[in-house]
2 protein chains.
Amino acid sequence: MPKQVDHEQRRRLLAEAVFAVIGTRGFEAVSLRDVAVQAGVSMGTVQYYFPTKHQMLLFALGHMRQRVLTRMQATLAALDSPTRRDVIRAATAVMLPVDEPGREEACVNIAFFSAATVTPEYAQQLRDGYERILTVSTANLREAARLGELRDGIDPDREAPALYFLTQGLVGPILIGLYQPAEAMSLIDDHLDRLFR
Amino acid sequence: MPKQVDHEQRRRLLAEAVFAVIGTRGFEAVSLRDVAVQAGVSMGTVQYYFPTKHQMLLFALGHMRQRVLTRMQATLAALDSPTRRDVIRAATAVMLPVDEPGREEACVNIAFFSAATVTPEYAQQLRDGYERILTVSTANLREAARLGELRDGIDPDREAPALYFLTQGLVGPILIGLYQPAEAMSLIDDHLDRLFR
DNA sequence: TCCTTTTTCATGCACTCGCATGATAACGAG
DNA sequence: CTCGTTATCATGCGAGTGCATGAAAAAGGA
């Protein structure tokens with residue numbers, strides 16, 4: 001049993017390199033050579049861990065989903081005795097490209113979204129991610145409703161998707177520099193004002 | 001003066017071919033050869049009208065913006081004595097990928113959005129488009145407010161962007177098959193219910 | 001120490017890309 | 001018809017692509 005290497009960790013390292021390339025030069029610029037250079041390894045190593053480029057990108061997409069969730073959990077855990085509204089607001093902010101890792105994730109996300117229109121496997125991954133986040137978000141709003149924190153006539157099961165899609169709709173404009181993150185958050189806050197007492 | 005050809009029309013024809021390629025094989029699959037085949041001309045002809053691939057894509061982006069606006073105007077003009085709410089609802093529906101041309105436009109749009117994260121010229125075009133549509137949308141809502149059709153406490157200048165970004169956030173999920181167009185429109189209608197009396 | 005397995009690397013290959021070039025075809029003015 | 005401009009095309013080139021191959025290096029067990 002020679003030389004033990006954590007394959008999964010190695011793949012994650014390469015996936016991060018993929019993110020960097022997508023974030024700086026775009027999705028179509030992703031080549032095995034670029035990824036190798038970015039990761040500081042040879043091209044052969046990339047091939048060793050990913051038999052094909054498509055599998056590499058698919059893994060990278062999955063890793064990005066997990067990275068977003070991890071960052072969200074860390075952000076929420078850092079909140080000091082937050083209200084239900086604080087939680088929802090912070091979770092929303094994580095999905096917006098407000099800082100550099102958020103921006104990179106948003107670039108990667110939109111790139112895969114574009115690719116998903118012609119690559120069903122990407123679309124499946126993205127659907128999974130959407131449904132997971134929507135489930136959590138809905139549960140949060142339902143809990144807020146149960147605690148009586150929402151205004152009268154607010155249906156958590158309809159408002160959760162609406163809030164989420166509004167958030168998603170803000171990602172693009174922020175990315176292209178049309179909206180400032182602060183403006184976007186102001187818009188989100190207005191929306192939350194309407195939901196919460 | 002030999003052989004008169006409408007260059008602008010020729011470019012639009014090629015732009016439509018670009019759309020078709022993006023819609024069926026994706027943005028990264030766009031090559032001069034594919035566009036030429038799709039348009040039924042030789043590769044040299046594509047080069048004749050566009051000195052470089054980048055200029056071709058830039059023109060295609062501009063043409064797409066105009067196509068969306070044209071389709072929107074046609075849709076609105078076809079409405080029979082519409083209320084202000086009908087106009088806003090129809091304009092929103094045009095931006096969602098509910099039919100085939102709408103889907104193609106959405107695919108093209110998201111592809112350029114992704115590319116815009118690393119190509120400032122695309123970002124500029126997209127910002128222009130956003131601002132134009134937002135201006136019209138805001139004007140519509142203001143007019144509705146002036147006519148007293150909105151509920152109390154509804155600010156057109158804040159609700160117009162919110163409605164627009166909600167719409168944009170719905171495009172992706174529809175494209176990847178997570179949401180049905182009917183569900184999306186139901187969500188939009190809920191939102192309009194909140195705005196209008 | 002040597003040996004076997006795992007990991008890394010350098011190189012080659014067939015293919016496609018964007019772009020350049022020169023020839024060919026179409027068409028209106030004289 | 002003839003000519004000259006415009007439009008279209010076929011072909012070639014260097015560069016870069018994903019992937020395959022075989023060799024070199026690394027490292028724990030004997």
Side-chain angles (χ1 to χ4, degrees), chain A residues 1-61 108 111-112 114-115 118-119 121-122, chain B residues 1-61 108 111-112 114-115 118-119 121-122:
Chain A
M1 277 258 189
K3 202 179 187 180
Q4 50 191 17
V5 172
D6 186 340
H7 277 227
E8 203 65 14
Q9 177 182 335
R10 216 73 171 145
R11 291 199 185 95
R12 285 194 291 266
L13 180 93
L14 293 173
E16 294 286 336
V18 171
F19 296 165
V21 174
I22 292 180
T24 56
R25 263 163 295 171
F27 188 80
E28 50 182 349
V30 174
S31 72
L32 298 184
R33 287 165 180 83
D34 287 345
V35 172
V37 170
Q38 181 72 38
V41 299
S42 77
M43 205 185 88
T45 299
V46 178
Q47 293 182 270
Y48 180 70
Y49 289 101
F50 295 111
T52 173
K53 179 185 179 183
H54 178 255
Q55 292 188 36
M56 178 185 74
L57 292 174
L58 203 56
F59 179 91
L61 174 54
V108 173
F112 276 106
S114 174
V118 290
T119 307
E121 291 166 278
Y122 297 158
Chain B
M1 278 260 187
K3 203 178 188 181
Q4 51 190 17
V5 172
D6 186 339
H7 278 225
E8 204 64 15
Q9 176 182 334
R10 216 71 171 150
R11 291 198 186 96
R12 285 193 291 266
L13 180 94
L14 294 173
E16 294 285 335
V18 171
F19 297 164
V21 173
I22 292 180
T24 57
R25 263 163 296 171
F27 188 80
E28 50 183 348
V30 173
S31 71
L32 298 184
R33 288 166 179 82
D34 287 344
V35 172
V37 169
Q38 181 71 38
V41 299
S42 77
M43 205 184 89
T45 298
V46 178
Q47 293 182 272
Y48 181 71
Y49 288 102
F50 296 111
T52 174
K53 180 186 179 182
H54 178 255
Q55 292 188 36
M56 178 184 74
L57 291 174
L58 203 56
F59 179 91
L61 174 55
V108 173
F112 276 106
S114 174
V118 290
T119 307
E121 290 166 277
Y122 297 158

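Computed from a prediction, not measured in an experiment: that's the story for all the values here. Throughout, protein chains are lettered first and strands after them, A, B, ... in sequence-line order, and every chain is numbered starting at 1.
In this entry the distance linking CD of A:Glu28 with P of C:dG18 reads 10 Å, nearest Å. A straight line from CG of A:Leu13 to C1' of C:dT8 spans 14 Å, rounded to a whole angstrom. Taking atom CG of residue A:Asp6 and atom P of nucleotide C:dT6, one finds them 16 Å apart after rounding to whole Å.
When every heavy atom of B:Leu14 is checked against every heavy atom of B:Val35, the shortest pair comes out as O-CG1, 4.0 Å.
The aromatic rings of A:Phe112 and A:Tyr122 stand perpendicular to each other, their planes meeting at an angle above 60°, with 30° marking the opposite boundary.
Comparing C:dT8, D:dA7, C:dA20 by their closest approach to the side chain of B:Met43 singles out C:dA20. Set against C:dC9, C:dC19, C:dC17, the side chain of B:Thr52 has C:dC19 as its closest nucleotide. The side chain of B:Tyr48 lies closest to D:dA7, out of D:dA7, C:dT6, C:dC9.
Between B:Gln47 and B:His7, the residue whose closest nucleotide on DNA chain D is further toward the 5' end is B:His7.
A close approach under 4.0 Å does occur between a side-chain nitrogen or oxygen of A:Tyr49 and OP1 or OP2 of C:dT8. Residue B:Thr45 places none of its side-chain N or O atoms closer than 4.0 Å to OP1 or OP2 of D:dA7. Checking the phosphate oxygens (OP1, OP2) of D:dT17, a side-chain nitrogen or oxygen of A:Ser31 falls inside 4.0 Å. In this structure, A:Arg10 does not reach the C:dT7 phosphate: none of its side-chain N or O atoms is under 4.0 Å from OP1 or OP2.
Under 3.5 Å, the side chain of A:Arg33 and the base of D:dG16 form no donor-acceptor pair of N or O atoms.
For the atom pair NE2 of B:His7 and OH of B:Tyr49, the computed distance is 4.5 Å after rounding to the nearest 0.5 Å.
Residues A:Leu61 and A:Glu121 are not in side-chain contact: their nearest non-hydrogen atoms beyond the backbone lie 4.5 Å or more apart.
Using a 4.0 Å heavy-atom cutoff across all strands shown, A:Val30 reaches sugar-phosphate atoms only and no base atom.
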